[in-house]
There are 2 protein chains.
Amino acid sequence: MRMSDLITQEILRLLNNSEMNIAEIQRNELANTIGCAPSQINYVLSSRFTPEHGYIIESRRGGGGYIRIKRVVLSQSSALMHIVNSIGETIDPMTTRIVIENCLESGLVDGKTARLMAAAVSGNAMQSVPVEFRDYLRASVLKHMLLSLI
Amino acid sequence: MRMSDLITQEILRLLNNSEMNIAEIQRNELANTIGCAPSQINYVLSSRFTPEHGYIIESRRGGGGYIRIKRVVLSQSSALMHIVNSIGETIDPMTTRIVIENCLESGLVDGKTARLMAAAVSGNAMQSVPVEFRDYLRASVLKHMLLSLI
DNA sequence: TATACACGAAAGTCAGGGAAAGTCAATACC
DNA sequence: GGTATTGACTTTCCCTGACTTTCGTGTATA
């Protein structure tokens with residue numbers, strides 16, 4: 001069995017044992033008990049516990065540091081997932097506006113959130129990057145924001 | 001639990017017990033009851049109770065000395081304006097995190113909004129633009145989002 | 001009486017070390 | 001060719017101890 005699978009298994013076990021769908025680990029400790037390099041943990045987290053997979057990671061360095069893995073429970077948020085998946089590599093301002101308006105109308109987000117997202121991907125906000133990057137950037141930022149709502 | 005967390009907790013407790021949002025401590029005494037080096041108190045104050053975080057510190061040395069921590073309460077819009085103005089042309093991920101956490105702790109934004117903003121300016125979201133633009137972009141996007149809340 | 005000075009009791013500063021997580025490029029394994 | 005794995009290096013955060021600065025007070029002296 002592969003190391004990455006062992007690590008994945010262990011994290012899932014912790015998540016299942018938790019009422020709150022939260023697993024908190026110490027990187028070096030876990031790496032030790034499993035017997036792998038600490039950085040391997042990062043690899044597993046960044047390849048299998050991404051927001052796209054329905055997980056949120058937060059961490060802290062230094063003494064008493066930790067890594068916290070939250071599993072997101074899919075309910076009506078699968079609608080958001082659907083929207084996220086429908087957004088490609090790039091998105092133009094017009095389509096962006098439509099996506100946000102749809103979210104608002106379908107009640108997935110409230111007015112305040114919609115305005116916030118619109119502000120984040122507005123033309124004004126993106127003037128500091130060259131035109132050729134903007135559609136990529138807009139897609140990426142929009143997707144990350146939508147995922148954060150899950 | 002980390003010492004810095006204990007100290008933080010105790011100061012917050014004192015602040016919450018105070019009508020005036022003022023906590024007054026004696027450094028050596030607090031260090032003693034908690035069981036840490038006195039200078040550790042300074043560390044906590046300078047890392048978690050800064051003006052950026054919405055606190056003002058004043059102190060006095062010598063016999064009968066003290067440290068006074070004041071929590072500043074601003075109106076929401078002026079506080080947001082203040083934060084926006086304090087953000088320059090560029091902002092690095094670290095400072096960004098502090099700004100957003102600050103907004104959260106001071107109640108300017110709720111948890112959901114904080115997560116949304118963090119997602120919008122996360123490193124992951126910005127991978128599609130070259131490194132040299134990211135700090136400019138982050139500043140711009142963050143400011144636009146904050147302004148949209150007013 | 002008034003001034004100066006000494007001394008102790010606080011808080012402040014800073015360099016340094018240790019503990020943890022993050023990053024990345026190179027390599028190994030399907 | 002893509003996925004795993006590692007190790008070296010970096011960054012962030014925590015904590016301490018030695019030393020410095022500031023303040024109040026008591027005391028000696030002109």
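Residue numbering restarts at 1 for every chain, and letters A, B, ... go by the order of the sequence lines.
- Nucleic acid contact class of R97(B) (heavy atoms, under 4.0 Å, all strands): sugar-phosphate only.
- Close to dC15(D), at under 4.0 Å from its OP1 or OP2, lies a side-chain N or O of S4(B).
- Under a hydrophobic-cluster definition in which Ile, Leu, Val, Met, Phe, Trp and Tyr are linked whenever side-chain heavy atoms come within less than 4.5 Å, directly or via other members, M145(A) and L108(A) are assigned to the same cluster.
- Here CD1 of I56(A) is found 12.0 Å from CD1 of I69(A). Values are rounded to the nearest 0.5 Å.
- The line from CG of L12(A) to CZ of F49(A) is 4.5 Å long, rounded to the nearest 0.5 Å.
- Whole-Å rounding puts the N32(B) CG to dT16(D) P distance at 12 Å.
- For the pair I7(A) CD1 and dT3(D) P, the computed distance is 17 Å after rounding to whole Å.
- Following rounding to the nearest Å, Q40(B) (CD) and dC14(D) (C1') show an atom-to-atom distance of 6 Å.
- Whole-Å rounding puts the I41(B) CD1 to dT13(C) C1' distance at 16 Å.
- Taking atom CE of M1(A) as the reference point, atom C1' of dC29(C) lies 17 Å away to the nearest angstrom.
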Would you give a per-nucleotide map of nucleotides 19-25 of chain C, 5' to 3', where B means the base has a protein non-hydrogen atom under 4.0 Å away, S means only the sugar-phosphate does, and - means neither?
-> BBBBBB-
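- With rounding to whole Å, M3(B) atom CE is found 6 Å from dC15(D) atom P.
- Rounded to 10°, the helix from dT1(C)-dA30(D) to dC30(C)-dG1(D) has 10° between the axis fitted to its first five pairs and the one fitted to its last five.
- Note that NE2 of H144(B) is 7.5 Å distant from CD of Q127(A), once rounded to the nearest 0.5 Å.
- The nearest pair of heavy atoms linking A23(A) to I11(A) is CB-O, 4.2 Å.
- Atom CG in L30(B) sits roughly 13 Å away from atom P in dC15(D) (whole-Å rounding).
- Scanning both residues, R138(A) and M126(A), for their nearest heavy atoms gives CA-CE, 4.0 Å.
- Of the residues near DNA chain D, R48(B) and C36(A), the one whose nearest nucleotide (by heavy atom distance) lies more toward the 5' end is C36(A).
- Other members of the cluster containing I22(B) are M20(B), with ILVMFWY side chains joined at under 4.5 Å, either directly or via other members.
- The side chain of Y43(A) contributes an N or O atom lying less than 4.0 Å from OP1 or OP2 of dA4(D).
- In this entry the distance linking CD of E24(B) with C1' of dA10(C) reads 13 Å, nearest Å.
- F133(A) CZ: more than 12 foreign heavy atoms inside a 6.0 Å radius.
- Side-chain heavy atoms closer than 4.5 Å link hydrophobic residues (I, L, V, M, F, W, Y) into clusters, and following such links, possibly through other members, connects L147(A) to I83(A).
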